[in-house]
A.B. asks: 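Before I ask anything, here is the structure I am working with.
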Amino acid sequence: MTINTIRIYNTLTKNKEEFKTIEPNKVGMYLCGPTVYAEAHIGHMVGPVIFDTIKRFLQYCGFEVTWVVNITDVDDKLINRSREKGISMFQLATAMTADYLANLQSLGVDQIDHLPRATDNMDEIIRFVEELIAKDFAYVNGGDVFFDVLKDNEYGRLSNRSVDSQQGEGGDAASRKRSPGDFALWKSAKADEPSWQSPWGLGRPGWHIECSAMSRRILGKTFDIHGGGLDLVFPHHENELAQSRCCHGQPMVTYWLHNGLMQAAEAKGKVGGKNDREENASTPSSTAPTVAPASNGADTKISRSKGAGGLAQLIERHTGERIRFFLLRSHYRSTTLFGDEQLAEAGASLEAFYRLIQRFERITGIHFYKSSDKDAKNLEINRKRETFVAPDSKNEAIVEIVRLREAFLSKMDDDFNTGGATGDLFEIARCLNRFIDSGKLEEAAGRTPENLELFAQGMSILKEMGSILGIFQKAPKQSSSNDNTTELLDGLVKLLIQLRADARTKRDFATSDSVRDGLLGIGVALQDGKEGTTWSIQRNA
RNA sequence: GGCUCCGUAGCCAAGUGGCUAAGGCAGCGGAUUGCAAAUCCGCCAUCGUGGGUUCAACUCCCACCGGAGCCUCCA
């Protein structure tokens with residue numbers, strides 16, 4: 001047995017590197033979270049989903065992981081947006097943070113350990129700026145503090161650009177800078193802007209400093225993994241890196257990870273991109289947004305214009321798990337086209353797993369998902385990579401599943417190749433269906449204790465792999481309504497199934513088919529099996 | 001203009017200097033079924049174009065074509 005090596009693509013070196021932690025078996029990772037000035041769109045979910053998966057995988061491999069996602073709750077956009085809406089910046093931030101967190105929950109992102117807000121860390125931020133001034137990497141001009149990029153001879157390495165090519169941010173701040181590439185660490189407050197007291201007067205932090213300050217507070221001066229969207233490489237991460245390295249005289253991060261950006265399938269062009277205005281102007285109503293904008297009139301302004309708005313609606317139409325699976329189907333570093341069609345396709349493929357799981361529960365009586373019933377038998381899984389014991393079986397399907405498990409894991413080892421790994425998941429499912437069919441487990445005669453045991457072992461591996469990807473954790477919702485109506489629905493459908501069965505015994509296929517077709521027409525699919533008929537809701541859009 | 005990345009079947013998508021180029025969706029043929037659905041079996045790709053390097057390239061290099069991103073609002 002060889003010890004697996006995890007390899008990670010590092011933006012800083014532009015290479016895949018062997019993963020080595022700073023402290024043995026401990027991993028600190030930081031993901032740049034949202035500026036909470038508008039509702040989240042699907043693009044905001046890429047980083048959280050891949051980092052959530054990375055954390056699950058690293059834990060599975062035996063690491064102890066601390067994951068931090070920051071919430072930027074003070075910034076120009078927040079100030080402007082809250083004025084438009086006539087509410088306080090705090091109110092806006094609170095509402096949008098709640099939206100963000102609800103979306104994360106729907107997508108099964110539940111591994112975050114710390115969610116620090118910029119406004120809760122003012123002392124730490126101010127201290128950080130003071131340190132940079134004391135070390136002469138920053139200078140004060142009026143009430144503003146700027147970072148002096150010329151003092152940092154490594155500036156530009158992450159994004160591969162030279163200091164003298166910097167345009168610099170425009171506006172009235174430009175005149176107070178020493179060189180155009182300098183960026184604000186602290187901005188003096190204009191009248192009636194939210195502000196905090198500082199050694200330089202009333203003001204607020206610049207965009208990049210909060211991440212340096214908060215990551216240091218929670219993860220230390222140097223930590224293992226830092227991530228965000230590809231669009232954050234410059235200027236955000238370049239500046240963050242400069243601040244922290246200059247302040248501490250040691251590297252900020254070992255591995256820099258950047259995810260690719262989402263692209264709306266129909267309204268081509270980056271979601272929430274800076275080209276929104278010009279593209280909207282040049283392409284009138286012909287490019288309908290892929291995703292309907294928020295229907296709530298008051299909130300319409302908040303949602304982004306191009307297929308980006310209404311993640312909540314997207315989740316309602318497609319389920320969070322489907323969106324998560326869609327995101328994991330391709331490599332996190334690639335640009336991904338998304339739209340209802342793409343999500344529906346991901347959903348269609350996911351259905352096969354749900355059907356297999358239903359089959360399993362029906363045949364074995366074991367709950368695949370955790371059951372609330374205390375006396376129920378739940379499917380147990382192996383939770384740590386090194387504790388896996390391959391079933392001692394000559395059975396072809398089981399041998400193959402064990403091989404596929406290895407294939408799955410080695411894809412994850414290679415820069416978290418979730419897209420490749422999902423392929424193995426499908427193959428595992430096929431092996432299991434084949435096992436059911438060839439062993440005739442749909443009939444009582446095939447349900448020998450050995451067969452049931454092997455079946456459970458195979459399913460356990462499927463669940464184990466699913467838990468790494470953060471899928472198949474909960475039973476998919478059959479209906480969005482509450483449990484009462486779900487029970488009622490189940491009763492009604494079963495009644496119809498019984499009527500149809502009676503008709504079939506009488507070989508009255510006209511009646512039986514009309515029951516089945518009628519149900520299908522309203523989204524209820526019937527499946528005839530050896531031991532009666534089952535039903536499921538067609539989730540496809 | 002500077003700096004990146006990408007181009008694999010109808011569509012989505014992994015991957016590799018040489019062995020059958022994963023997997024999914026759709027489609028087609030078969031098994032199964034009263035008929036379906038589901039499931040299983042089978043079929044469905046010379047890897048953008050043109051050069052070069054090499055015993056050997058889809059994989060490396062160059063050019064071109066096409067697409068995407070960054071160059072101080074972006075996840």
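From a predicted model like this one, the values you see are computed outputs, not experimental measurements. Quick note on labels: first sequence line is chain A, next is B, and so on, each numbered from 1. Keep in mind that the numbers below use all heavy atoms, side chains included, and drop hydrogens, waters and symmetry copies.
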A.B. asks: For atom C1', what is the distance between B:G10 and B:U39, given to the nearest Å?
C.D. replies: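 Each nucleotide's C1' atom is 25 Å from the other's.
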
A.B. asks: With a 3.5 Å limit on both atom pairs, tell me what B:G42 is paired to, counting Watson-Crick and G-U wobble, or say none.
C.D. replies: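 Its partner is B:C28 (Watson-Crick or G-U wobble, both distances under 3.5 Å).
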
A.B. asks: Starting the side chain at C-beta, find the nucleotide from B:G23, B:C35, B:A75 nearest to A:V46.
C.D. replies: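 Per side-chain heavy atoms of A:V46, the pick is B:A75.
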
A.B. asks: Between B:A63 and B:A75, how far apart are the two C1' atoms, rounded to whole Å?
C.D. replies: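 B:A63 and B:A75 have their C1' atoms separated by 36 Å.
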
A.B. asks: Starting at atom CD of A:E427, determine the distance to atom P of B:G23, rounded to an integer number of angstrom.
C.D. replies: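 Interatomic distance, CD of A:E427 to P of B:G23: 5 Å.
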
A.B. asks: Evaluate the criterion ring-ring contact (aromatic ring centres under 6.0 Å, His included) for residue pair A:H208 and A:F183; output intermediate values, then yes/no.
C.D. replies: CA-CA 9 Å; A:H208 320 294; A:F183 54 89; 5.3 Å; yes

A.B. asks: With distance as the sole criterion, is a donor-acceptor pair present between the side chains of A:D182 and A:S179 under 3.5 Å?
C.D. replies: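 Per modelled atom types, A:D182 and A:S179 side chains form a pair under 3.5 Å.
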
A.B. asks: Are A:R161 and B:G2 close enough that a side-chain N or O sits under 4.0 Å from OP1 or OP2?
C.D. replies: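 No, because none of the side-chain N or O atoms of A:R161 sits under 4.0 Å from OP1 or OP2 of B:G2.
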
A.B. asks: Take atom P in B:U46 and the same atom in B:A9, then report the distance between them in whole Å.
C.D. replies: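 Their P atoms lie roughly 9 Å apart.
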
A.B. asks: Tell me whether the rings of A:H237 and A:H226 are parallel (<30°), tilted (30 to 60°) or perpendicular (>60°).
C.D. replies: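 Because their plane-to-plane angle is over 60°, the rings of A:H237 and A:H226 count as perpendicular.
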
A.B. asks: What I want to check is whether an N or O donor and acceptor connect the side chain of A:D424 with the base of B:G23 at under 3.5 Å.
C.D. replies: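 By the distance-only test, no, there is no pair.
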
A.B. asks: Does B:C5 have OP1 or OP2 under 4.0 Å away from a side-chain N or O of A:R333?
C.D. replies: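 For B:C5, neither OP1 nor OP2 has a side-chain N or O of A:R333 closer than 4.0 Å.
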
A.B. asks: Using a heavy-atom cut-off of under 4.0 Å over every strand shown, decide if A:R516 touches base, sugar-phosphate, or nothing.
C.D. replies: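 Answer is base: heavy atoms of A:R516 come under 4.0 Å of a base.
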
A.B. asks: I need the NE2-P distance between A:H237 and B:C70, as an integer number of Å.
C.D. replies: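 My rounded result for the distance is 15 Å.
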
A.B. asks: Considering every strand and a 4.0 Å limit on heavy-atom distances, what is the contact class for A:D76: base, sugar-phosphate, or nothing?
C.D. replies: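 No contact.
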
A.B. asks: Between P on B:A37 and CG on A:L520, what's the gap in Å once rounded to a whole number?
C.D. replies: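 In whole Å, B:A37 P and A:L520 CG are 11 Å from each other.
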
A.B. asks: Which heavy atom of A:V36 sits nearest to which heavy atom of A:M96, and what is that distance?
C.D. replies: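 Reported closest heavy-atom pair: O-CB, 3.4 Å.
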
A.B. asks: Compare the minimum distances between each of B:G15, B:C35, B:A68 and the side chain of A:R504, then state the nucleotide with the smallest one.
C.D. replies: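 Looking only at side-chain atoms, A:R504 lies closest to B:C35.
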
A.B. asks: Starting from the 5' end of RNA chain B, give me the residue, A:R329 or A:F426, whose nearest nucleotide shows up first.
C.D. replies: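 Upstream on the strand: A:R329.
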
A.B. asks: Could you give the distance separating B:C65 and B:U49 at their C1' atoms, to the nearest angstrom?
C.D. replies: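 Going atom to atom, C1' in each nucleotide, I get 7 Å.
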
A.B. asks: Can a side chain N or O of A:T35 be found less than 4.0 Å away from OP1 or OP2 on B:A75?
C.D. replies: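 Checking B:A75 against A:T35, a side-chain N or O does come within under 4.0 Å of OP1 or OP2.
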
A.B. asks: Return yes if a side-chain donor-acceptor contact under 3.5 Å exists between A:D490 and A:W535, otherwise no.
C.D. replies: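 Present: a donor and an acceptor within the cut-off.
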
A.B. asks: Watson-Crick or G-U wobble partner for B:G1, using a 3.5 Å limit on both distances?
C.D. replies: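 Paired with B:C71.
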
A.B. asks: Under 4.0 Å, heavy atoms only, any strand: does A:A352 hit a base, just the sugar-phosphate, or nothing?
C.D. replies: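 Here A:A352 touches the backbone only, sparing every base.
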
A.B. asks: Need one value for A:G228: base, sugar-phosphate or nothing, where a base atom within 4.0 Å counts as base even if backbone is also close, heavy atoms only.
C.D. replies: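 A:G228: backbone/sugar contact only, no base atoms under 4.0 Å.
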
A.B. asks: Pairing check on B:U33: which nucleotide meets the Watson-Crick or G-U wobble criteria with it, both distances under 3.5 Å?
C.D. replies: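 Its partner is none (no Watson-Crick or G-U wobble pair with both distances under 3.5 Å).
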
A.B. asks: Using a 4.0 Å heavy-atom cut-off, does A:G33 contact any base of the nucleic acid, only the sugar-phosphate backbone, or nothing at all?
C.D. replies: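 A:G33: backbone/sugar contact only, no base atoms under 4.0 Å.
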
A.B. asks: Quantified in whole Å, what is the C1' atom distance between nucleotide B:C55 and nucleotide B:G48?
C.D. replies: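 Per the computed distance, 27 Å lies between those C1' atoms.
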
A.B. asks: So which heavy atom on A:R176 is nearest to which on A:N141, and how close?
C.D. replies: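 Closest approach of A:R176 to A:N141, heavy atoms only: O-ND2, 2.9 Å.
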
A.B. asks: Distance between the P atoms of B:U53 and B:C61, in whole angstroms?
C.D. replies: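 Here B:U53 and B:C61 have their P atoms 15 Å from each other.
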
A.B. asks: So A:D517, base contact, sugar-phosphate only, or nothing? Heavy-atom distance under 4.0 Å.
C.D. replies: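 It contacts nothing in the nucleic acid.
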
A.B. asks: With a 4.0 Å cut-off on heavy atoms, is A:G229 in touch with a base, just the backbone sugar-phosphate, or nothing at all?
C.D. replies: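 Counting heavy atoms under 4.0 Å across all strands, the contact made by A:G229 is with sugar-phosphate only.
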
A.B. asks: Which of parallel (below 30°), tilted (30 to 60°) and perpendicular (above 60°) describes A:F368 and A:F360?
C.D. replies: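 If you compare the ring of A:F368 with that of A:F360, the planes turn out perpendicular.
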
A.B. asks: Starting at the 5' end of RNA chain B, which residue's closest nucleotide do you reach first, A:T422 or A:S159?
C.D. replies: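 This one resolves to A:S159.
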
A.B. asks: Is the phosphate of B:A38 approached by A:N433 (side-chain N or O, under 4.0 Å from OP1 or OP2)?
C.D. replies: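 For A:N433, the contact criterion (side-chain N or O under 4.0 Å from OP1 or OP2 of B:A38) is not met.
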
A.B. asks: What interatomic distance, in whole Å, is found between C1' of B:G18 and the corresponding atom of B:G66?
C.D. replies: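 My reading of the C1' atoms in B:G66 and B:G18 gives 30 Å.
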
A.B. asks: What orientation do A:F234 and A:Y155 show, parallel under 30°, tilted 30 to 60°, or perpendicular over 60°?
C.D. replies: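 Taking A:Y155 first and then A:F234, their aromatic rings stand perpendicular (interplane angle over 60°).
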
A.B. asks: Rounded off to whole Å, could you give me the NZ-to-P distance for the A:K411 and B:A14 pair?
C.D. replies: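 A:K411 atom NZ is separated from B:A14 atom P by 12 Å.
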
A.B. asks: Assign A:L232 to base, sugar-phosphate, or nothing according to its heavy-atom contacts below 4.0 angstrom with the strands shown.
C.D. replies: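 The answer is sugar-phosphate, as A:L232 gets under 4.0 Å only of primed atoms, P, OP1 or OP2.
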
A.B. asks: Would you mind classifying the nucleic acid contact of A:H258 as base, sugar-phosphate or nothing, using non-hydrogen atoms under 4.0 angstrom?
C.D. replies: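 Answer is nothing: A:H258 stays at 4.0 Å or more from every strand.
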
A.B. asks: Report which part of the nucleic acid A:R362 touches: base, sugar-phosphate, or nothing (heavy-atom distance under 4.0 Å, all strands).
C.D. replies: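 Counting heavy atoms under 4.0 Å across all strands, no contact is made by A:R362.
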
A.B. asks: Sticking with atom P, work out how far B:C62 lies from B:C71, rounded to a whole angstrom.
C.D. replies: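 Per the computed distance, 26 Å lies between those P atoms.
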
